[in-house]
Amino acid sequence: MASTASSSKNRLKRAITNRYFWIVVVMLAASTFLHYSTPQMRLLPLASFPLIRHAVERIIFILPVAGAAFAFGQVGGLVTLALAVLIMLPRVFLLSPHPADALLETVAVAGVGYLVIWMIETQEKEKILRQEAVSQLQTINAVTAIVTGSLELEQILNSALDKVLEVTKVKAGFIYLLDRATQEMTLAVYRGVSLEFAREAARFKLGESLTGWVGRSGEPIVVGDLLQEPRLTTSLTSKAGMRSFITVPLKSRDKVLGVMNLADSQHHLFTSRDVQLLTAIGNQVGVAIENAWLHQDVARQLRIEQRLNEVAEKLSSELELDKILPKVLQIAEELTGTDGGVIALLDRESNLIHYPYLHNLSPELADVTVPKGEGLAGEVMTTGRPVVIGDYPTYTGALPDFVKAGVTSIVAVPIVSGDQSFGALGLVSLDKAKSFSDRDVAILAGIGHQAGIAIENARLYENMRFYVRQITKAQEDERKRIARELHDDTAQALIDLSRRLDNLAASREQLSETVIGRLEEFQELIDSILRGVRRFSRDLRPSVLDDLGLLPALEWLTANLMEEDGIETELEVYGDRRRLPPEAELALFRIVQEALNNVRRHSHASRVVTVVEFGQGKAGPELVLSKAEGQSRRVRITVDDNGQGFEVPGRTGDLATAGKLGLIGMHERARLLDGTLTVRSESGKGTTVTVDVPG
């Protein structure tokens with residue numbers, strides 16, 4: 001009651017302070033003056049007869065009535081009309097000589113006045129309706145421009161919600177999206193509430209609370225007072241002080257994709273037009289959500305294809321499992337959105353499954369072994385089919401170490417090639433359950449198949465490397481044997497023959513000058529052959545390499561190149577000099593020897609620099625000459641010449657086609673040492689050969 005009286009008093013105060021109020025008062029006063037203080041008036045001064053009984057003065061009362069209706073609406077017009085009738089009635093009953101006619105004229109003026117009020121009110125309503133329609137169209141157009149101007153879902157939802165709050169003048173708003181995996185409404189964006197409230201109201205099941213009701217039914221709901229709403233299953237709104245509430249579905253093709261909620265702490269009357277407007281906006285936003293989801297799906301599919309291509313490229317371009325399988329594991333995690341991963345491999349000799357490759361899991365799991373056929377990996381390898389476990393701790397084949405590591409959900413696929421099973425690829429969720437879609441399983445199955453092919457190729461390559469190592473060892477042993485025989489047998493025989501010729505030539509009394517000359521020629525020829533045998537013996541297996549090591553052998557190589565071919569050479573050594581294993585020294589010597597032979601035969605170079613670096617680091621430019629914790633010791637040798645250069649094939653496999661068999665041998669020797677060989681060359685700018693190996 002008090003609030004009603006206060007509201008009426010405020011409206012009266014606003015009316016009195018309005019200048020149109022006083023204009024109406026003046027018009028009403030003037031009409032009263034004319035009605036009571038002037039003689040009878042003609043309607044037209046030139047008319048031949050008067051309009052009797054003060055009809056003109058009564059008609060004039062319509063003017064303030066119309067003015068009040070324009071200024072204050074229907075209520076103001078009716079109040080003014082009532083006052084005008086009250087003003088005219090005393091003359092009707094007290095002063096008019098013809099009361100019946102005066103009353104009829106007064107009633108007629110009242111009827112015309114009411115008709116004028118109705119016409120003005122109708123015109124104002126139509127004007128308001130047109131303005132509301134234009135405003136709604138502008139709002140819908142603005143929202144349409146927002147939702148069609150981007151495919152980024154978060155940007156669309158934030159901009160749309162801000163626009164709706166601006167138009168409706170409501171304080172708080174929320175947009176929930178349907179989680180396609182769990183079929184729950186999850187809070188996407190919000191305004192006007194605290195972070196604590198947003199966290200508590202972050203998720204609703206379909207049918208739960210008003211949000212869930214609309215998500216299930218697809219029909220809008222308007223609530224004038226949330227505290228009296230029986231369908232409200234949560235007290236969160238009362239905590240936030242909300243009273244008025246409206247929720248509309250966000251639809252696309254009659255499918256509910258989300259819900260938009262608007263709430264206000266004050267009583268806010270949402271009309272049917274508001275519901276229609278918000279429903280139309282909801283449909284626009286729903287279409288935008290579907291388009292954004294389609295865009296995300298397409299972008300995700302493209303990303304998956306790119307990553308799968310990357311996996312295929314890595315698996316096909318690399319033959320060392322320790323380099324490719326960890327990277328494949330990380331890519332598989334990224335594609336499935338999991339927390340960690342593991343690759344289990346079967347050791348065929350011991351029939352044990354072990355877990356050598358882990359990511360985001362405890363390194364201690366690498367020491368776990370289980371018999372063939374046991375555990376999830378054993379099941380996958382036995383059946384050859386993917387397995388998804390939503391609650392791993394309750395799985396009958398769960399391994400205690402993995403449960404202790406926090407594995408909650410896991411999907412495992414076999415690593416196979418043809419009919420051979422090598423292991424299993426597993427992706428895990430830690431400390432929180434996760435559902436895996438059919439798409440996730442299909443992606444992982446493809447990766448597992450490619451990984452199986454890579455493992456088979458790697459094992460074939462390891463076998464090939466073993467045979468190459470054995471062949472190389474046999475070749476070097478044979479070279480060493482031949483070099484020893486040349487040095488011990490052939491060279492000694494030539495020396496003995498040379499001495500005998502010397503002795504024969506010394507006995508001049510029995511030989512003619514012609515024979516002596518021939519003997520001297522033979523002796524020179526034998527000396528030349530002896531030098532060639534010694535050089536050939538050193539090339540086959542220089543004794544300095546076995547006796548003194550790599551660096552003296554390289555000094556001999558560079559000095560020999562300068563002495564025999566006139567090419568300026570320089571040998572630079574950095575770091576702490578040390579002996580390497582015989583196999584490594586021999587391979588590095590052969591690589592440098594082949595590089596210098598290429599300089600001698602093909603480069604037309606005038607200068608060559610050989611640099612030997614002993615340091616720590618990894619393969620590549622990050623070689624550190626000082627000791628560093630956690631870094632392996634490495635040796636890098638660079639042979640750089642200023643010759644004519646050549647065009648380097650893009651792939652190692654193209655070297656054979658280009659006739660670069662020497663470079664192929666250098667690459668293979670470097671790989672046998674688990675190292676790398678890099679050749680950089682450009683026509684007219686020389687060639688640089690770099691070998692980087694552990695050591």
Side-chain angles (χ1 to χ4, degrees), residues 1-135 267 269 271-273:
M1 293 289 292
S3 61
T4 303
S6 176
S7 176
S8 300
K9 187 180 296 184
N10 290 334
R11 286 198 297 269
L12 179 61
K13 183 178 179 181
R14 287 196 300 269
I16 293 175
T17 56
N18 192 325
R19 62 189 181 94
Y20 293 108
F21 172 80
W22 296 107
I23 292 175
V24 172
V25 170
V26 170
M27 292 175 65
L28 197 61
S31 299
T32 303
F33 176 78
L34 291 175
H35 186 63
Y36 284 100
S37 302
T38 59
Q40 177 178 304
M41 297 178 62
R42 296 174 181 271
L43 182 62
L44 294 174
L46 301 179
S48 58
F49 60 89
L51 186 63
I52 58 174
R53 303 185 185 93
H54 295 271
V56 174
E57 291 86 335
R58 292 188 179 96
I59 293 174
I60 290 175
F61 274 103
I62 296 176
L63 295 178
V65 172
F70 273 116
F72 302 105
Q74 185 179 26
V75 175
L78 291 175
V79 171
T80 305
L81 178 60
L83 290 175
V85 171
L86 291 175
I87 290 171
M88 289 186 287
L89 286 179
R91 189 171 190 93
V92 171
F93 295 109
L94 300 177
L95 301 177
S96 175
H98 307 284
D101 292 341
L103 179 61
L104 180 62
E105 291 177 357
T106 301
V107 172
V109 169
V112 172
Y114 181 78
L115 182 62
V116 169
I117 293 172
W118 177 81
M119 293 175 61
I120 293 173
E121 180 66 16
T122 301
Q123 183 180 8
E124 287 297 318
K125 286 183 178 180
E126 291 179 352
K127 180 180 178 181
I128 292 173
L129 289 176
R130 287 195 299 270
Q131 291 176 346
E132 289 180 351
V134 171
S135 176
H267 180 70
L269 179 62
T271 65
S272 59
R273 294 187 179 276

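Below, each value reflects all heavy atoms present in this structure, side chains not excepted, and no hydrogens, waters or symmetry copies. Quick caveat: nothing in here was measured; it's all calculated off a predicted structure.
Taking CD of Gln123 as the start and CZ of Phe70 as the end, the distance is 5.5 Å to the nearest 0.5 Å. In this structure, the separation between CD on Glu124 and CD on Gln74 is 11.5 Å, given to the nearest 0.5 Å. We find the OG1-CG distance between Thr80 and Leu28 to be 7.0 Å, quoted to the nearest 0.5 Å. Residue Met88 holds its CE atom at 9.0 Å from CG of Leu86, rounded to the nearest 0.5 Å. Between atom OG1 of residue Thr106 and atom CZ of residue Phe61 there is a gap of 9.0 Å, rounded to the nearest 0.5 Å.
For Leu104, there are no side chain to side chain contact (heavy atoms under 4.5 Å, CB included) partners at least two apart in sequence or on another chain. Residues meeting the side chain to side chain contact (heavy atoms under 4.5 Å, CB included) test with Val79, sequence neighbours left out: Val75, Leu83. A search for side chain to side chain contact (heavy atoms under 4.5 Å, CB included) contacts involving Ile62 returns Ile59, Val109, Val112, Val116, not counting sequence neighbours. In this view, Pro90 and Tyr36, Leu94 satisfy the side chain to side chain contact (heavy atoms under 4.5 Å, CB included) rule, not counting sequence neighbours.
Applying the side-chain contact (heavy atoms from CB on, under 4.5 Å) test between Val65 and each of Leu78, Leu81, Ile120, Val24 identifies Leu81 as the sole match.
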